[in-house]
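A short worksheet on the structure shown next.
Below, chains carry the letters A, B, ... as their sequence lines are ordered, and counting in each starts from 1. The basis for the numbers below is simple: all heavy atoms, side chains too, and nothing from hydrogens, waters or symmetry mates.
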There are 2 protein chains.
Amino acid sequence: MSDFDEKPEQKKRVTAQMVADAAGVSRSAVSRAFTDGAYLDSEKRVRIRQVALELGYQPNALAAGLQGGRSHLVAIFVGNMRSPYDTAFVGHLVGRLNALGKWPILIDGSGAQASTAVEDVLRYPLDAMILRGGSMPEDLVLQCAKIGIPMISSGRPVDIDGVDNVCCRNADGTRSMTEFLIAQGRKKFAYISAPRAYYSSTQRRNGVVQALAQAGRELMAEEDGDFTVDGGFDAGMRLLSNHRPDALICANDATAIGALTAAKEMGWQVPDQIAIVGFDDIDMARWPSFDLTTVMNPIDRSVDAIIELLNRRLETPEKSNEMILVKTELVLRGTH
Amino acid sequence: MSDFDEKPEQKKRVTAQMVADAAGVSRSAVSRAFTDGAYLDSEKRVRIRQVALELGYQPNALAAGLQGGRSHLVAIFVGNMRSPYDTAFVGHLVGRLNALGKWPILIDGSGAQASTAVEDVLRYPLDAMILRGGSMPEDLVLQCAKIGIPMISSGRPVDIDGVDNVCCRNADGTRSMTEFLIAQGRKKFAYISAPRAYYSSTQRRNGVVQALAQAGRELMAEEDGDFTVDGGFDAGMRLLSNHRPDALICANDATAIGALTAAKEMGWQVPDQIAIVGFDDIDMARWPSFDLTTVMNPIDRSVDAIIELLNRRLETPEKSNEMILVKTELVLRGTH
DNA sequence: TTGTATGCGTTATCAT
DNA sequence: ATGATAACGCATACAA
C-alpha cells in the first residue's frame, strides 16, 4: 500500500458515485444498499457497505431531502433558554426526537434576532416546528401554517389552523392544591403571579381563585413576580411585610423558591406558620434545602404528547387540530 | 376573487420557478434577488421579492446547500442535558450561533442511541461539530476528522488532528481558591470529587493538592461525589461525620450545594466553622439560600472562544489545531 | 443587466 | 436484480 493510499487527504465529501466506481457497481446499487427493503443482492449489499465504510461514505442528507420525502429536520423554538423548567423540557424533547431519527434545530426565542432566525430556519424543509413556551410572533406562526409546516405548541395554546397543542391543566393543578390546603386548615391565601403576558400564570391564578370561591373565600393578597427566583424573593419580601397569610401559592417553582427563601429570612416558620407551594416540580424543588411542595407539570407526559401529535400529524397532514391536555399531580413535600 | 384563489391549499412548497413565472422573469433572476451582491436591477429585485412574499417563497436551504457552499448547519453533541451548567452553556451557545446564522442541531449524548444519532447527523454536510462535555466515542471523533468536519471540543480536551479545544483553567481555579482559603486562615482541607472519568474533576483536584503542597499541607479527607446535588449531599454527610475540616472544596457547584445543605443539616456553622466552595458559578450559586462562594467557569468567554475558533477554522480549514484556555475567577460570596 | 445551461448528490422511475 | 435516466430546487459560469 502506497503512502498516497494511506493518507487520501480527501477534502471533498465521498459521493455515491465514488463508492460505485470503487465497488464496480452502479450508482443506483449504492443507493439501494442504504435503503431498507430495496431490491439488492444481499451479498452485493454487504460488499457495497464495506467499500462505503472504507471510503467513509455517508449518503448526503441534503440531497436525499431534496427528493421530496421528509427532511427529518425539526425546529424547536424555545421561548426561554434560561429557565430551569424550559431547559429541562428541551433536554427531554431533544432526546426523544433523537431516538426517533428527527434532528432538532434550536432557535433561541429570547434573542433579539429571533424572527430573522425563524425565517432563516424556515428555508429548510422542516418536518415540523415545535413551540416551547414564550411566544413566536403571530405572523411567523401564520407563515409556517401557510407553508404547511406542522406546528405543535406547548405551554401556550395557539388557536390557528394547522397548529396542534399540548398544554398542562394549569387551573386544575392549582385548584387541587388550593383545595388540599383548605382541607388542611389553611385560611388566608396569597398568590405571587407572573406578568399577564404569561398565559400559564393567569390560568394558575384562576384555579386558585375558583377553589377559594367555592369555599366562600378569596385571595387576601397578591404580588407580581416574574417566574424567576429573584422575582419571587422580592415579591415574597413585599408580600410578607404587609400581610400575614397562612398559604402562599406561587406561579412556578422558581418563584416559590425565592419566596420561601424570603420567608425564612424574615423568620417565618414553614410550614407551621405558612405553606408555600410552587408549580412545575423542577429538579431544584426536591433539593433538600427547599423540599418544596408543588404541582407537577409533567415533562415526560408533555413530551410524549408532542411526539404523539407529531407522528399523527405526519401520518395525516390534513387532520384537524388537536389539543392534548396534560394532567398535573400534587407533589407533597415539606412546605405545606 | 374566487374561493379557489382565496384558499390556495398549497401543499407543495413554492419554488423559484413559480416565483419567476408569476413575476415574469427568469429563474435565475429570482435566485439573484435573494443573493446579496448579485447583479440585478434594484427595481426588479424589489418586485421579485414582493411576489415572493405574496407567494410565501423561501429559497430551499437544502437545495442551496447542495451547491457546494456552507450548509450553515452545526451539530452540538451535549454530554449531559440535565446538568445546570451544561444546559446553561448550550443555551448561550445556541443564541450565539443563531446570531451568526448557524443552525444548531442538538444531539443528546447521554442517550443510549447517541452513536447512531451522531452517524445519522453526519449525513448532513455540517459546517462544524461542537462537543460539549461528556465524551463522544473516539471512533466517531476520528470519523468526523476523516470526513473533514471541523470539530471544537469544550470541557474535555481532545488531542486529535483537526480538533480545536476550549478549556477552562480548572487547576488554576481551584489553586487560587485554595490559596485564598489558606490566606484566610483555613488549615484542614477536604475535597469532594466526581468519578475519575470526568477530566475536569481530576484537574480541579490537582489544583487543590498543588496549592496545599506549596503550603506544606495535604488533603485531610476526600469523598466521591458525582457532580450532582444528591451526590454532594451524600458525600458531604459521609465526610462531615468522620472528619472536621475547616474548608471543603467541591468538584462543582451542584456538589457544593448538596454538601452545604448536608453541613447545615448537621448543624455546622458556615462559614464560621467551615468554608464550602464550588466550581462553575451556576445560576443557583447566587440564589440567596446558598450564596455560594465559588470559582467562575465563564460560559460567556468559553462560548466566545468556541465561536472564535469556529470562524477561524472555517476561514482556514487547514490551519493547525488550537487550544484556547479560559481564565477562571473567584466569586466570593457567603460560604467562605 | 439578464437569460440559458450545467452541476450539486441523491432517490425514484423506467426499462432491461 | 440491476443499470440508465429523470427529477428535486437551487446557484453559477457562460453567453448574450
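- Overall, the helix from dT1(C)-dA16(D) to dT16(C)-dA1(D) carries an axis bend of 40° between its ends, with five pairs at each end and the value rounded to 10°.
- In this structure, Leu62(B) reaches neither bases nor backbone, as no heavy-atom distance under 4.0 Å exists between it and the strands shown.
- Atom CZ in Arg70(A) sits about 16 Å away from atom C1' in dT11(C), given to the nearest Å.
- Atom pair Ile48(B):CD1 and dT1(C):P shows a separation of 13 Å (rounding to whole Å applied).
- An OP1 or OP2 oxygen of dA1(D) is reached within less than 4.0 angstrom by no side-chain nitrogen or oxygen of Lys44(A).
- Between Glu43(B) and Arg47(B) there is no salt bridge, since no side-chain N of the basic residue sits under 4.0 Å from a carboxylate O of the acidic one.
- Rounding to the nearest 0.5 Å gives a distance of 7.5 Å between CG of Asn321(B) and CG of Asp159(B).
- The number of heavy-atom neighbours closer than 6.0 Å to CZ of Phe34(B), taken from other residues, nucleotides and ligands shown, is above 12.
- Here Asn60(B) contributes atom CG and Arg13(B) contributes atom CZ; the two are 4.5 Å apart, rounded to the nearest 0.5 Å.
- Residues Val166(B) and Glu308(B) are not in side-chain contact: their nearest non-hydrogen atoms beyond the backbone lie 4.5 Å or more apart.
- Applying the salt bridge (charged side-chain N to carboxylate O under 4.0 Å, His left out) definition to pairs two or more places apart or across chains, those involving residues 98-126 of chain A are Lys102(A)-Asp127(A).
- Side chain to side chain, Gln143(A) and Asp139(A) fail the donor-acceptor criterion of an N or O pair below 3.5 Å.
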- For every nucleotide of nucleotides 7-16 of chain D, 5' to 3': is a protein heavy atom under 4.0 Å from its base (B), only from its sugar-phosphate (S), or from neither (-)? BBBBBBB---
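- Contact detail for Cys144(B) and Met151(B): the closest heavy-atom pair is CB-SD, 3.2 Å.
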